[in-house]
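Every chain is numbered from 1, with letters handed out A, B, ... down the list of sequences.
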Amino acid sequence: MNKEIKKDFPILDQEIHGHRFTYLDSAATTQKPIAVLEAVNDYYKNYNANPHRGAYYLSEKSTEIYENTRTVVKEFIGAKNEKEIIFVKNATEAFNLLAHSYGMNFIKEGDEIVISVAEHHSNLVPWQQVAKAKGALLKYLYLDEEGIITEEEIANKITNKTKIVSVTHVSNVLGTIQPIKKIIEKAHSVGAVAFIDIAQSVPHMKIDVSQLDADAAVFSGHKMLAPMGIGVLYGKEELLEKMPPFMCGGDMIEYVTEQDTTFAELPNKFEGGTQNVEGAAGLTSAIQYLNEIGMDNVEQIEDELVSETLKRLEELPFVTVYGTKDTKKKSGVISFNVEGIHPHDVASILDSYGVAIRVGRHCAYPLLNYMGVNAGTCRVSFYIYNTMEDVEALIEGLKNTRKWLGYGSK
Amino acid sequence: MNKEIKKDFPILDQEIHGHRFTYLDSAATTQKPIAVLEAVNDYYKNYNANPHRGAYYLSEKSTEIYENTRTVVKEFIGAKNEKEIIFVKNATEAFNLLAHSYGMNFIKEGDEIVISVAEHHSNLVPWQQVAKAKGALLKYLYLDEEGIITEEEIANKITNKTKIVSVTHVSNVLGTIQPIKKIIEKAHSVGAVAFIDIAQSVPHMKIDVSQLDADAAVFSGHKMLAPMGIGVLYGKEELLEKMPPFMCGGDMIEYVTEQDTTFAELPNKFEGGTQNVEGAAGLTSAIQYLNEIGMDNVEQIEDELVSETLKRLEELPFVTVYGTKDTKKKSGVISFNVEGIHPHDVASILDSYGVAIRVGRHCAYPLLNYMGVNAGTCRVSFYIYNTMEDVEALIEGLKNTRKWLGYGSK
Amino acid sequence: MDLNSIYTEVIAEHNMSNHNKHHIEGADFIEKGHNPSCGDEIELELRIKNGIVEDGGFTGVGCAISQASTSIMIDLIRGKSVEEAKELIETFLGMIKREIKDEKELEVLEDAIALKNISNMPARVKCAVLAWHTLEESLKKAV
Amino acid sequence: MDLNSIYTEVIAEHNMSNHNKHHIEGADFIEKGHNPSCGDEIELELRIKNGIVEDGGFTGVGCAISQASTSIMIDLIRGKSVEEAKELIETFLGMIKREIKDEKELEVLEDAIALKNISNMPARVKCAVLAWHTLEESLKKAV
Ligand SMILES: Cc1ncc(COP(=O)(O)O)c(C=O)c1O
Ligand SMILES: Cc1ncc(COP(=O)(O)O)c(C=O)c1O
């Protein structure tokens with residue numbers, strides 16, 4: 001199946017440094033299928049106009065394309081209505097929106113904000129800023145050896161003082177799936193709101209935000225086949241209703257006088273300025289593409305790749321894998337290190353064999369520090385277009401890294 | 001010349017409601033030439049990766065494409081160095097960045113912020129918010145009958161209490177060119193910073209931000225042939241240095257610990273999260289396209305279209321044009337009304353003849369109120385792909401609007 | 001697009017005639033309606049006695065569609081009972097949303113049928129329904 | 001890409017040997033250098049007497065390129081005058097930026113020539129120059 005899928009991704013069909021290209025960095029950004037590129041071209045060749053602002057055919061069309069994406073996203077993540085879907089440029093903007101609009105307005109001195117030590121900086125630095133500005137306490141949920149937040153942490157850290165809990169569903173470093181349903185329940189039991197970072201889960205598994213009962217959820221289109229420049233903030237209507245706007249400008253207002261402004265209703269209230277309709281067109285196409293494959297199949301493809309990779313890595317005595325090895329507990333991300341070789345050297349050497357992996361601290365410094373690997377890790381991450389040949393190329397490349405740095409002959 | 005250019009824009013070669021398509025809403029968003037679409041496709045088919053984050057070939061390539069755009073933009077607008085170019089999603093984000101990061105931190109009670117009554121909401125509502133939050137006064141520069149800010153207004157309104165002056169270069173409603181050089185000089189003479197909105201000027205004329213001595217300048221790519229989802233904040237290095245970050249997250253940090261963050265240097269400090277490399281690739285291509293035509297030619301093409309349109313509109317007794325009729329004082333935007341017919345009806349009727357114009361209050365409610373036309377205006381705006389046939393179609397269409405609403409026979 | 005199906009003579013006439021555009025003496029119900037996105041604003045005035053809409057009028061600004069729609073609506077409900085007026089609102093909105101397609105069922109709308117094809121112009125639907133939503137709000141208070 | 005031109009034996013040896021990786025007794029100049037983007041951190045220690053770099057060493061973490069570059073640099077400047085060391089920094093940075101291409105002119109860099117092709121790996125340039133910038137900062141204080 002993935003071999004068939006791969007044909008839809010022209011970028012993968014190239015040689016890098018004289019080798020077959022092996023792309024293993026989909027957790028950073030995914031490649032785009034022809035269908036998505038065509039949706040974007042189609043938009044610009046036939047329908048491009050500023051939406052919401054014109055009473056002419058193309059403007060109606062572009063409004064339709066844009067608003068239809070809201071419906072498509074709503075259905076894809078199980079939101080209740082379109083007002084709950086706000087378009088942003090990426091997950092980072094969504095968290096900053098939450099931090100500025102909710103955090104800065106509803107957090108008071110002495111309140112507590114709880115996140116996990118496994119957060120990406122985009123769900124971490126904004127809360128540090130809120131905590132500092134408001135004199136609140138930023139508390140961390142820690143992980144067990146498998147990389148999973150424990151029941152005790154949930155029970156102990158989330159207290160009556162907690163006002164916001166914001167945690168990642170799937171770690172972008174370890175790929176571990178966190179018990180977010182329990183965390184959300186606990187947050188609600190103490191009267192806190194619960195936000196979730198689904199940037200690394202929504203591209204890889206079926207998500208239902210209503211069933212999870214999250215107050216807000218955040219993700220980026222570019223990590224799920226869509227173009228760069230579009231992301232989503234899901235928020236429960238009652239939450240979004242009480243939040244003031246973030247970006248002020250065109251299209252998010254109702255009336256403006258010289259000294260006063262009344263704001264538009266949801267979702268427009270949070271969408272100031274000309275929106276990325278192209279990105280929306282691409283996102284619709286990306287979701288359709290994923291729906292056609294089926295999220296079950298997406299999961300299965302990744303499961304098989306992860307199982308095989310873990311097995312093969314285990315056979316390499318000089319490799320240490322971090323976090324759980326149980327594929328049921330993790331998504332398509334594996335972090336590891338090669339004994340005696342710095343991750344950056346591993347990446348450079350693999351690159352010379354056409355194998356693209358991500359190394360470093362993955363925008364998650366506190367987690368890497370917690371794991372005791374401040375120099376970072378090597379991370380491979382899979383998506384639907386990866387095949388067993390990619391796993392093979394990775395393993396062969398890893399054997400070579402050792403040779404290049406003087407462990408054994410070249 | 002424009003007839004040749006038009007061939008590069010496939011969207012213009014279509015029928016709308018059975019008529020030749022006439023696009024006269026480029027001030028809202030421009031159409032995209034094939035070259036820009038190809039640059040985007042080329043990026044996704046050959047180089048797509050998350051920039052800055054990977055030590056492999058495609059990541060280096062995408063970093064290169066992204067950073068090269070910074071250089072291209074720097075040269076296009078006459079900035080001094082790349083650190084002064086910050087990428088955002090649109091002009092609206094840029095103004096919100098300035099308002100949050102500069103306004104909220106450097107404005108104090110009793111300070112004055114001066115803007116003009118001709119501002120687009122995106123350079124207006126954010127300053128209202130700052131003024132309210134900080135107890136500052138938001139003051140307006142008014143216009144003469146031609147739609148131009150007068151010397152007296154500049155002399156009287158910008159005082160020792162003024163800390164920020166933020167004005168538009170070209171009005172998106174009237175197309176009038178404002179005396180921004182004088183305004184910037186006056187602002188500096190009282191120790192205020194001067195920001196300019198060049199969203200409606202940089203696509204249409206040669207701009208040199210260093211020569212203008214603006215402290216910051218803001219524009220959107222989608223209004224100058226580039227894809228949606230990318231915009232630019234230019235800021236003098238010393239200004240940007242003292243401003244704290246706006247969007248916090250990945251790639252804008254130096255070090256992050258659980259409770260503290262130190263931020264990256266310029267320009268990264270202001271670019272949190274995965275950036276829109278596709279948009280950057282498209283923006284480079286758009287600027288190259290404009291450079292090949294030459295900004296002088298761009299101006300000339302628009303001048304000819306505007307002159308002819310003004311002449312033809314004058315021949316219609318039932319049309320009132322707003323603002324100056326001197327083409328040297330204005331860019332490619334004309335606002336008018338048709339006697340006895342509401343702008344929305346004008347737009348709908350013109351649309352049925354394939355003519356796309358923008359009507360309403362153009363995200364500039366205070367200006368429309370100042371002009372005494374709260375019902376809005378009809379606005380036509382030109383770009384390099386418009387031709388005299390478009391002017392013809394507009395004039396013919398306008399004659400028909402009257403007939404449809406009972407003034408004379410159909 | 002067939003402009004004939006939208007900018008009909010009925011619309012042109014109602015837009016220009018202004019015969020319902022005035023204040024109503026002894027109005028019991030005055031309701032404001034507005035479309036922020038396009039700037040249409042009306043103020044609907046009704047005199048209702050013993051459950052009957054005796055008279056109605058309006059003031060305000062807006063496009064031909066919203067002005068004509070308001071005027072047509074006032075002609076239609078004048079002399080009708082509040083209950084009948086409510087049913088007419090439902091029928092009208094049903095027509096606009098294309099939920100009611102049966103020509104017979106629409107006959108009660110009389111001149112307002114002229115607005116049937118407004119859904120071909122999505123941007124103008126709000127203009128057509130403004131008066132009717134304003135009336136709906138007003139009649140809620142009339143109970 | 002020719003990995004042979006970057007991951008040379010010189011780099012591998014210096015990376016593994018650790019012979020300069022230790023504290024310097026009586027060090028007069030201790031300077032920290034770091035690359036936030038990749039996490040490389042070194043602390044360079046120098047003992048400078050009468051304008052001569054008597055000895056040097058370093059501690060810290062980093063990739064093979066940065067570690068080897070630091071070690072090679074220390075071998076190179078040991079026993080040289082501060083002035084000579086400064087000239088070597090200039091020559092090294094000139095080589096990396098490809099401003100100095102003349103093989104003869106580069107000869108003074110000895111083993112450091114092994115890093116000449118690092119510009120083929122843009123992401124790794126910072127690793128190669130870290131030590132040299134740190135030395136530059138340190139020597140500014142030595143005047
Ligand atoms: C003068 C002016 N400033 C700012 C903007 C806002 O641009 P954007 O909607 O791309 O943020 C516009 C266009 O809508 C404009 O015409
Ligand atoms: C878990 C997680 N959250 C948030 C982000 C931020 O996404 P973006 O860079 O698109 O804003 C990422 C990816 O970088 C991520 O992996």
Side-chain angles (χ1 to χ4, degrees), chain A residues 10-11 16 25 28-29 31-32 37 41 44-46 48-50 53-58 89-93 95-96 120-122 125-126 128-129 138 140 220 222 227-229 247-250 253 256-259 261 272-274 276-279 344 347-348 351 356 358-359 363 365-366, chain B residues 10-11 16 25 28-29 31-32 37 41 44-46 48-50 53-58 89-90 92-93 95-96 120-122 125-126 128-129 138 140 220 222 227-229 247-250 253 255-259 261 272-274 276-279 344 347-348 351 356 358-359 363 365-366:
Chain A
I11 195 171
I16 302 278
D25 194 19
T29 199
Q31 300 303 342
K32 320 302 171 200
L37 304 189
N41 284 329
Y44 282 130
K45 287 186 182 170
N46 297 296
N48 177 54
N50 205 318
R53 294 191 185 175
Y56 53 87
Y57 181 73
L58 290 199
K89 68 173 175 179
N90 54 24
T92 302
E93 181 184 346
F95 278 118
N96 281 276
H120 187 280
H121 293 161
S122 79
V125 185
Q128 275 186 356
Q129 304 289 103
L138 181 64
Y140 283 83
S220 280
H222 71 91
M228 288 165 151
M247 299 265 193
C248 294
I253 58 91
V256 178
T257 62
E258 289 189 8
Q259 300 298 338
T261 296
T274 302
N276 189 348
V277 188
E278 174 217 300
H344 281 98
S348 292
D351 179 43
R358 167 100 191 266
V359 295
C363 299
Y365 288 19
Chain B
I11 195 171
I16 302 278
D25 194 19
T29 200
Q31 300 303 342
K32 321 301 172 199
L37 304 188
N41 284 329
Y44 282 130
K45 286 188 181 167
N46 296 296
N48 177 54
N50 205 316
R53 294 192 184 176
Y56 54 87
Y57 181 74
L58 290 199
K89 68 175 173 176
N90 53 23
T92 302
E93 181 183 346
F95 278 118
N96 280 275
H120 186 280
H121 292 161
S122 80
V125 185
Q128 276 186 355
Q129 303 290 104
L138 182 63
Y140 282 83
S220 279
H222 71 91
M228 288 166 151
M247 299 266 193
C248 294
I253 58 92
Y255 290 108
V256 179
T257 62
E258 289 188 9
Q259 300 298 338
T261 296
T274 301
N276 189 348
V277 188
E278 174 217 300
H344 281 98
S348 291
D351 180 42
R358 167 96 190 268
V359 294
C363 299
Y365 289 18

Open item on the list: Please classify the contact between A/Phe95 and chain B as side chain, backbone, both or neither, with a heavy-atom cut-off of under 4.5 Å.
Closed with: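 Interface part for A/Phe95: neither.
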Task: Residue part contacting chain B, namely of A/Asn96, when any heavy atom lies under 4.5 Å - done: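 Only the side chain of A/Asn96 comes within 4.5 Å of chain B.
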If every non-hydrogen atom of [X] is compared with every non-hydrogen atom of [Y], which pair is closest and at what distance?
{"X": "A/Asn50", "Y": "B/Thr29", "answer": "N-CG2, 3.4 Å"}
{"X": "B/Pro227", "Y": "A/Glu278", "answer": "CB-OE1, 3.4 Å"}
{"X": "B/Ile16", "Y": "A/Tyr57", "answer": "CD1-CD2, 3.5 Å"}
{"X": "B/Gly250", "Y": "A/Cys363", "answer": "CA-SG, 3.8 Å"}
{"X": "A/Cys248", "Y": "B/Gln129", "answer": "SG-CG, 4.0 Å"}
{"X": "B/Lys45", "Y": "A/Pro10", "answer": "CG-CG, 3.9 Å"}

- [ ] May I ask you to decide if B/Glu258's main-chain N or O and A/Gln128's side chain share a donor-acceptor pair within less than 3.5 Å?
- [x]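 Such a contact is found between A/Gln128 side chain and B/Glu258 backbone.
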Task: Main-chain N/O of A/Gly273 paired with B/Asn90 side-chain donor or acceptor, under 3.5 Å - done: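 No, the answer is negative, given that no donor and acceptor are paired below the 3.5 Å cut-off.
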Open item on the list: Only pairs of heavy atoms separated by less than 4.5 Å count here; which of A/Ser220, A/Gly272, A/Ala91 has the most with chain B?
Closed with: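 Answer, by heavy-atom pair count under 4.5 Å with chain B: A/Gly272.
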Task: Residue, of A/Asn48, A/Val125, A/Thr257, that accumulates the most heavy atom pairs under 4.5 Å with chain B - done: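 It is A/Asn48.
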- [ ] Apply side chain to side chain contact (heavy atoms under 4.5 Å, CB included) to the pair A/Met228 and B/Thr274, showing each step before the final yes or no.
- [x] CA-CA 8 Å; A/Met228 288 165 151; B/Thr274 301; 4.3 Å; yes
Open item on the list: Tell me every residue that passes side-chain contact (heavy atoms from CB on, under 4.5 Å) with A/Ala49, counting only those two or more places apart in sequence or in another chain.
Closed with: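 So A/Ala49 forms a side-chain contact (heavy atoms from CB on, under 4.5 Å) with A/Tyr56, A/Leu58, A/Ser59, A/Ser62.
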- [ ] With sequence neighbours excluded, tell me which residues meet salt bridge (Lys or Arg N to Asp or Glu O under 4.0 Å) with B/Lys32.
- [x]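 For B/Lys32 there are no salt bridge (Lys or Arg N to Asp or Glu O under 4.0 Å) partners, ignoring immediate neighbours.
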Task: Contacting moiety of B/Leu138, where chain A heavy atoms sit under 4.5 Å - done: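 For B/Leu138, backbone and side chain are both near chain A.
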Task: Structural part of B/Gln31 lying under 4.5 Å from a heavy atom of chain A - done: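 Its backbone and side chain both get close to chain A.
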